[in-house]
Asks: 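Have a look at the structure that comes next, please.
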Protein chains: 2
Amino acid sequence: MEEHRKETRLSLVKSTPFSQLRPETWDALEVMCRVKSYRANQTVVHAQERSYFIGCVLSGVLRMEKTLADGRAQIVGLLVQGDFFGRVFDGIAEFSIEAATDTEICAFPRAEFEALLTQSPDLEPAVLLNAANELDRAREWLIILSNQKIVGRIAGFLLLMCSRFRGIDHILQPRPEGVEVKIPISRGDLAHLLGTRPESISRSLHSLSDRGVIDILEPDRILIRDMKALALAADEDEIEAIAILQKLLKNHRTEP
Amino acid sequence: MEEHRKETRLSLVKSTPFSQLRPETWDALEVMCRVKSYRANQTVVHAQERSYFIGCVLSGVLRMEKTLADGRAQIVGLLVQGDFFGRVFDGIAEFSIEAATDTEICAFPRAEFEALLTQSPDLEPAVLLNAANELDRAREWLIILSNQKIVGRIAGFLLLMCSRFRGIDHILQPRPEGVEVKIPISRGDLAHLLGTRPESISRSLHSLSDRGVIDILEPDRILIRDMKALALAADEDEIEAIAILQKLLKNHRTEP
DNA sequence: GGGCGGCATTGACATGTATCAATGACCCTC
DNA sequence: GAGGGTCATTGATACATGTCAATGCCGCCC
């Protein structure tokens with residue numbers, strides 16, 4: 001049990017936004033938190049319900065969802081190791097949170113968390129910064145989703161994974177040929193997340209693979225070979241122009 | 001000058017998220033803030049630059065943008081009366097902010113704002129709640145953008161305007177026939193915001209108009225006649241089914 | 001007043017993507 | 001090992017949307 005607490009603290013320390021916490025506050029946190037486990041597809045927080053804890057992800061991946069009027073759910077974000085969730089000073093969650101994979105979270109009783117917050121002024125900037133970062137991340141998603149073409153969205157998604165999940169080894173692994181990304185959700189969920197359909201995801205992914213930008217090792221393991229080309233694909237379909245140009249050159253070579 | 005301060009306070013009090021502030025803090029705010037004016041398309045905050053103030057919108061509309069690698073700008077959100085912007089305890093903005101229309105903002109020097117924050121503990125929940133609300137709003141945008149069909153995105157956009165800009169009379173006006181929404185940005189910007197092109201915006205808007213869901217009084221003045229149908233269009237294209245059904249019935253009537 | 005430029009709209013066309021249907025791979029259970 | 005389920009993939013087709021081009025409207029400046 002003592003071992004588990006230490007592990008918990010370790011995971012917390014690793015999370016960037018809260019890394020500015022002072023040692024004495026860590027001790028307090030260590031006493032407060034409880035580790036909870038969830039299985040894939042289990043619901044952690046129901047939308048519109050009062051939640052009595054603030055959570056921090058220790059392992060696994062969670063998805064935030066909004067349930068639409070017709071019953072379908074729209075994914076609005078993913079949570080990974082080190083991410084906090086739950087509304088401080090308000091208990092009502094706007095979005096429900098479900099485990100995408102088997103998950104361990106660290107739960108802080110909300111009342112105690114808030115009390116700690118008001119008591120220690122040095123904690124406040126950290127929490128606010130955390131909120132601001134979360135906001136920026138949500139806006140990153142916005143940019144990806146505003147991409148007209150699906151290939152662009154997928155490229156943006158992969159790049160976002162790289163930038164956000166850096167250092168989380170069960171998701172991102174550097175290799176000599178490139179970077180391997182583990183997609184923590186199914187094609188269907190990914191399609192949903194990017195505002196499209198599984199079929200389109202499949203096609204776009206294979207299109208990128210055909211161009212040599214990525215390798216599909218397994219359906220959920222993507223190897224990024226050419227990060228620059230991927231960035232081009234995300235920002236614009238400038239890559240298309242390059243591909244067409246290359247094809248033209250090739251035809252020119254083979255023709256005579 | 002004294003008059004202007006009173007007006008400023010009035011506008012601030014009207015803003016929902018900060019409405020929980022105590023009177024004594026208002027006095028402090030009132031002393032601190034400076035009113036600044038911007039003309040349409042003027043830049044208020046440059047991305048990646050250190051900003052020395054926290055802003056609150058008094059009048060007009062601002063757009064938050066991310067400048068992409070290729071020079072184009074992607075709009076990630078709109079700011080209206082009562083919205084705060086600027087990162088507390090950090091100064092570096094991730095996104096640039098530009099005036100979409102002529103704008104008046106209230107600027108708090110960042111250092112003083114932060115000092116005030118640490119001094120008065122009752123302010124903290126308000127600021128955190130504000131951040132959380134902002135986050136939820138960003139995720140609302142996400143849901144709208146994840147809509148596959150453009151009509152759905154526009155419907156979602158109009159509904160978001162209704163829910164967010166309630167009470168801001170120069171944007172939203174209740175009328176006997178419905179609710180009039182003033183679109184504060186050009187078709188091009190709107191298209192950009194919704195991840196599409198001006199032509200598609202135009203077509204979708206007129207499609208909704210043909211169905212009687214909305215009226216286009218002027219290009220930038222939309223009258224929502226049937227809020228329920230709009231919600232259906234946003235959530236799903238169930239409205240399509242209705243339209244097809246109605247057309248079938250009409251054909252059936254005219255045929256014999 | 002006339003010319004100019006920006007904006008919204010419309011049409012025709014090409015392209016991308018959703019949709020439907022079918023297949024194969026994998027995992028789980030029996 | 002057989003059978004049923006889910007998931008990824010692929011193909012064919014219809015539809016929505018991007019793209020290009022042309023028009024008309026309006027405000028601005030000379």
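When reading the values below, keep in mind they use all heavy atoms of this one structure, side chains included, and skip hydrogens, waters and symmetry mates. Quick note on labels: first sequence line is chain A, next is B, and so on, each numbered from 1. Remember, it's a predicted structure, so these values are computed and weren't measured experimentally.
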Asks: Salt bridge or not for A:Arg87 and B:Asp136, using N-O below 4.0 Å?
Replies: yes

Asks: From CD of B:Gln148 over to C1' of D:dA16, roughly how many Å is that when rounded to an integer?
Replies: 11 Å

Asks: Do the side chains of B:Glu140 and B:Arg164 get close enough for a salt bridge, i.e. N-O under 4.0 angstrom?
Replies: no

Asks: Record whether the side chain of B:Arg203 comes under 3.5 Å of the base of D:dT19 through a donor-acceptor pair of N or O atoms.
Replies: yes

Asks: Using whole Å, report how far CD of A:Glu199 lies from C1' of D:dA14.
Replies: 14 Å

Asks: How many whole angstroms separate atom CG of B:Asn147 from atom P of C:dA18?
Replies: 12 Å

Asks: Salt bridge or not for A:Arg139 and B:Glu94, using N-O below 4.0 Å?
Replies: no

Asks: At under 4.0 Å, does any side-chain N or O of A:Ser200 touch on OP1 or OP2 of C:dA18?
Replies: yes

Asks: Return the value, rounded to whole Å, for the distance between atom CG of A:Asp220 and atom P of C:dC27.
Replies: 11 Å

Asks: Taking the side chain from A:Gln42 and the backbone from A:Arg39, do they hold a donor-acceptor pair closer than 3.5 Å?
Replies: yes

Asks: Whole angstrom is fine here: how far is it from CG in B:Leu217 over to P in C:dA8?
Replies: 16 Å

Asks: Let me know the distance between CZ of A:Arg153 and C1' of D:dG18, rounded to the nearest Å.
Replies: 13 Å

Asks: For D:dT17, does either OP1 or OP2 sit under 4.0 Å from a side-chain N or O belonging to B:Arg197?
Replies: no

Asks: Classify B:Ile201 by what it touches in the nucleic acid, base, sugar-phosphate, or nothing, heavy-atom distance under 4.0 Å.
Replies: nothing

Asks: Whole-Å distance between C:dC26 P and A:Glu218 CD?
Replies: 10 Å

Asks: I'd like to know if B:Asp210 and B:Arg203 make a salt bridge, using a cut-off of under 4.0 Å between side-chain N and carboxylate O.
Replies: no

Asks: Atom CG of B:Leu190 to atom C1' of C:dC7: distance rounded to whole Å?
Replies: 14 Å

Asks: From C-beta outward on A:Ile150, which listed nucleotide comes closest to its side chain: C:dT17, D:dT17, C:dT10?
Replies: C:dT17

Asks: Indicate whether OP1 or OP2 belonging to D:dG18 is found under 4.0 Å from a side-chain N or O atom of B:Thr196.
Replies: yes

Asks: Which residue, A:Arg187 or B:Ser204, contacts DNA chain D at a nucleotide closer to its 5' end, judged by nearest heavy atom?
Replies: A:Arg187

